[in-house]
Number of protein chains: 2
Amino acid sequence: MPRLAQENIANENRPLTLRDVSEASGVSEMTVSRVLRNRGDVSEATRTKVLEAAKSLGYVPNKIAGALASQRVNLVAVIIPSLGNLVFPEVMTGISEILDDTDLQPVVGVTHYKPEREEAVLYEMLSWRPSGVIIAGLEHTDASRAMLRAAGIPIVEIMDSDGEPVDAVVGISHRRAGREMAKAIVQAGYTRIGFLGTKMPLDHRARKRFEGFTEALAKEGLEIADQEFYEGGSALVKGREMTEAILTRTPDLDFLYYSNDMIGAGGLLYCLDKGIAVPGQIGLAGFNGLRLLDGLPKQLATMDACRAEIGREAARLIAAHAGDTSAGGERHVLTPKLQYGATLKRR
Amino acid sequence: MPRLAQENIANENRPLTLRDVSEASGVSEMTVSRVLRNRGDVSEATRTKVLEAAKSLGYVPNKIAGALASQRVNLVAVIIPSLGNLVFPEVMTGISEILDDTDLQPVVGVTHYKPEREEAVLYEMLSWRPSGVIIAGLEHTDASRAMLRAAGIPIVEIMDSDGEPVDAVVGISHRRAGREMAKAIVQAGYTRIGFLGTKMPLDHRARKRFEGFTEALAKEGLEIADQEFYEGGSALVKGREMTEAILTRTPDLDFLYYSNDMIGAGGLLYCLDKGIAVPGQIGLAGFNGLRLLDGLPKQLATMDACRAEIGREAARLIAAHAGDTSAGGERHVLTPKLQYGATLKRR
DNA sequence: TAGATGTCTGTTAGCGCTATCATGCACCAT
DNA sequence: ATGGTGCATGATAGCGCTAACAGACATCTA
């Protein structure tokens, strides 16, 4: 039985529908729909009438019904490991910057670096039938890859380029980033090199940097002299602690490579506290190019991960392919730039 | 005309529906729906059959259709000013922590501190008919407040408690935070006090802290001796620059109150660089209690804004009232704790 | 054995919108 | 007048799912 106007009056607190606006303005639901979506020809008089009615009622359209009827959803799923990492909010900023000029809307899902959570988040997101997916990394469970492939929408994997994407990819090569840092360190004359990083075995990008780093050192006939790993806690404090630990154990180290800028900054502060000459006695470098840390006593050597640009480019791809069944398999590899800062000698 | 099986075979790439699973497993759509939602009684044999069919097809349910039919959406809209601020990711973490144990899912919208963007984001979010809204601050446009009131779902305003909420509120009193900091500073014997903050007129919480701060000073017969504002750029660098500027202009200041920890940290690093004795010659304090900064040379005096706890409590309220038409107007005011650190003398 | 009860499955009718086609009407050229 | 051409609006039929009810059948009770 179709709902009658009488019932509407009876139940004051029922959420508003197109019909309410239609009745209030004296035109059909279809015409109201056209006005509210700015689609099709509607006379100026009707348009005004409808808009006024909608506004005075406080009508908010139901996108769920709209999406179901039109088979179009203006959401873009963005799946990242964490929001606490500073890196990811920056990627998000890049994404929003581009999507703000379209009618697309990012929706964020967080995996905490856990593949099974990624799978669950992806499933949840895809069940809303988004117009595209931006997902961090190239490593996913088989089930996740299958879902991505079967979704029939543009997929952009971001941050990393070392591996086989499902569809398009926008990122940097972390292997290469590790290699280049190694080369710069060796070239500067350092030989007793320590590595400090996270314990997370599932941070594939950190792992790849480490692999590239050791590989390039090996080519120069060098090996990592010592290493130290951490998990949890404040990165700045951990950076200090790890630096103290590694230098106590292996005092003759002349370079410390940190897997991220925050622990690098902790190490830098530790060295300065202890009166260790940086970069003379010990050189330091991190990774990410966090602008957040710009005001430290010395600028830490680092390598920019192109976070915002990656976000922008991924969003551009999604926007360009919105409505398509794929992002066209494009491959955008950005080149991270080494920033010497004041903690890595130039030669 | 209802879609026929034949058509399905013809069009290979069509997205899967319940009907496909139903046909593949030989039971009705309704039974498939029951299995996939774990609702109602289904025999073990049928359940297995259906799950296998769904899995082998790679079926992902369409929540849009499900939500429309059931009039239930498991999303919670979370509306915050920014993701770059560090404070908000922490709130998000608290929210997720609680919602992860429910079937609710947070969806984030970012306003960039702009009321008109808040209005737009809110409209967009409400059009998805979420089960609840968590929104930062108590200051909204009239239209936004009207939408919130009319939504007929639980609303929790967070971070701030100085004002009139639409429904429930979870936060701290920033006026009081400012007052307490002022009292502690005066009590420690400082008298020539400078204030450094953001230029943003729309950061109401920072404004309230400032107001509380000056008000409490006035009670002690004191006034702010000088002040300095900034916008944009790296907060650490800005903290240094502002500190230099204010101390050049007013060299006899003996305390600097920063409106956030990041610029406070910049100021601290500047003072240490210049050999200024902290907290002897000059005392320093910030606001937020960012754990991120724990490894600095000296621990900055600050006041914890209870971010994670606010997130958790807000999420708990939403979860408790999911399905209701309001969050019951509860009022949770948390008490920020002063942390003296090593930059504010104790008396 | 009739009826009551419980377990499982299916049928029907929407949810609130939009795509699509149909229609009414004014306006023009013929 | 005839029949095109626009333009503005309305009627109809779903989108893919679920609530609510309606069976079918087996098992139990008296």
Side-chain angles (χ1 to χ4, degrees), chain A residues 1-5 7-8 11 14-23 25-50 54 57 59-74 103 126-129 152 323, chain B residues 1-5 7-8 11 14-50 53-54 57 59-74 103 126-129 152 323:
Chain A
M1 176 186 50
R3 203 175 48 218
L4 303 172
E7 293 180 313
N8 296 353
N11 179 357
R14 180 189 42 75
L16 295 164
T17 73
L18 262 193
R19 157 166 307 209
D20 297 294
V21 183
S22 143
E23 280 166 4
S25 54
V27 300
S28 71
E29 297 178 39
M30 198 56 232
T31 301
V32 176
S33 169
R34 278 195 269 255
V35 170
L36 295 179
R37 287 179 300 142
N38 263 314
R39 201 142 306 184
D41 298 314
V42 181
S43 73
E44 203 42 48
T46 316
R47 152 172 267 92
T48 320
K49 203 164 54 180
V50 168
L57 287 173
Y59 173 70
V60 177
N62 186 329
K63 287 221 177 179
I64 296 177
L68 183 61
S70 67
Q71 303 282 60
R72 272 187 278 100
V73 179
N74 67 338
D103 63 348
L126 288 180
S127 75
W128 288 101
R129 301 289 188 267
Chain B
M1 174 184 54
R3 203 173 47 216
L4 303 173
E7 295 180 313
N8 295 353
N11 180 356
R14 182 188 41 76
L16 296 164
T17 73
L18 262 193
R19 157 165 307 209
D20 297 294
V21 184
S22 144
E23 281 167 3
S25 55
V27 299
S28 73
E29 298 177 39
M30 197 56 229
T31 301
V32 176
S33 169
R34 278 195 270 255
V35 170
L36 296 179
R37 286 178 301 141
N38 261 316
R39 201 141 307 185
D41 299 314
V42 180
S43 74
E44 202 43 48
T46 315
R47 156 173 263 93
T48 320
K49 205 165 51 179
V50 168
L57 288 173
Y59 173 70
V60 177
N62 186 331
K63 287 222 175 176
I64 296 177
L68 183 62
S70 67
Q71 303 284 59
R72 272 187 278 99
V73 179
N74 67 337
D103 63 348
L126 289 180
S127 75
W128 288 101
R129 300 290 188 266

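Just so it is clear: chains get the letters A, B, ... in the order the sequence lines come, proteins before strands, and each one is counted from 1.
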In whole angstroms, the gap separating C1' of D:dC25 from CG of B:D41 amounts to 15 Å

From CD of B:Q71 across to P of D:dG16 the rounded distance in Å is 18 Å

Output for pair (B:R14 CZ, B:L16 CG), nearest 0.5 Å, gives 6.5 Å

Rounding to 0.5 Å, atoms CG (B:N74) and OG (A:S127) come to a distance of 7.5 Å

Between CG of B:L36 and C1' of D:dT18 the distance, given in whole Å, is 12 Å

Contacts of B:L68 and B:V27 projected onto DNA chain C by closest heavy atom; the upstream (5') one is B:V27

Taken to the nearest 0.5 Å, the spacing of A:S70 OG from A:R37 CZ works out to 7.5 Å

Smallest heavy-atom separation, B:Y59 atom then B:T17 atom, equals CE1-C, 3.5 Å

Separation of D:dC17 atom C1' from A:W128 atom CH2, nearest Å, is 12 Å

Counting just side-chain N and O atoms, does A:T31 come under 4.0 Å of either OP1 or OP2 of D:dA8? no

Taking every heavy atom of B:P15 against every heavy atom of B:D20, the minimum-distance pair comes out as O-OD2, 4.3 Å

Does C:dT9 have OP1 or OP2 under 4.0 Å away from a side-chain N or O of B:S28? no

Interatomic distance, CD@A:Q71 vs CG@B:N62, rounded to 0.5 Å, equals 7.5 Å

A:E44 CD to D:dA8 P, in whole Å, measures 10 Å

dist A:R47:CZ -> A:T31:OG1 (nearest 0.5 Å) comes out at 11.0 Å

Correct closest heavy-atom pair for A:E29 and A:L18 would be O-CD1, 3.8 Å

B:I64 CD1 to C:dG16 C1', in whole Å, measures 13 Å

Looking only at heavy atoms, the pair that brings A:S22 and A:V27 closest together is OG-O, 2.8 Å

Report task. Ignoring backbone atoms, establish whether B:S43 has a side-chain N or O less than 4.0 Å from OP1 or OP2 of C:dC8. Result -> no

Heavy-atom contacts, protein to nucleotides 17-27 of chain C, under 4.0 Å, summarised as B (base), S (sugar-phosphate only) or - (none) per nt, yield BBB--------

Rounded to whole Å, CD of B:E23 lies from P of D:dG16 at a distance of 13 Å

Axis-to-axis angle for the helix from C:dT1-D:dA30 to C:dT30-D:dA1, ends of five pairs each, to 10°, equals 50°

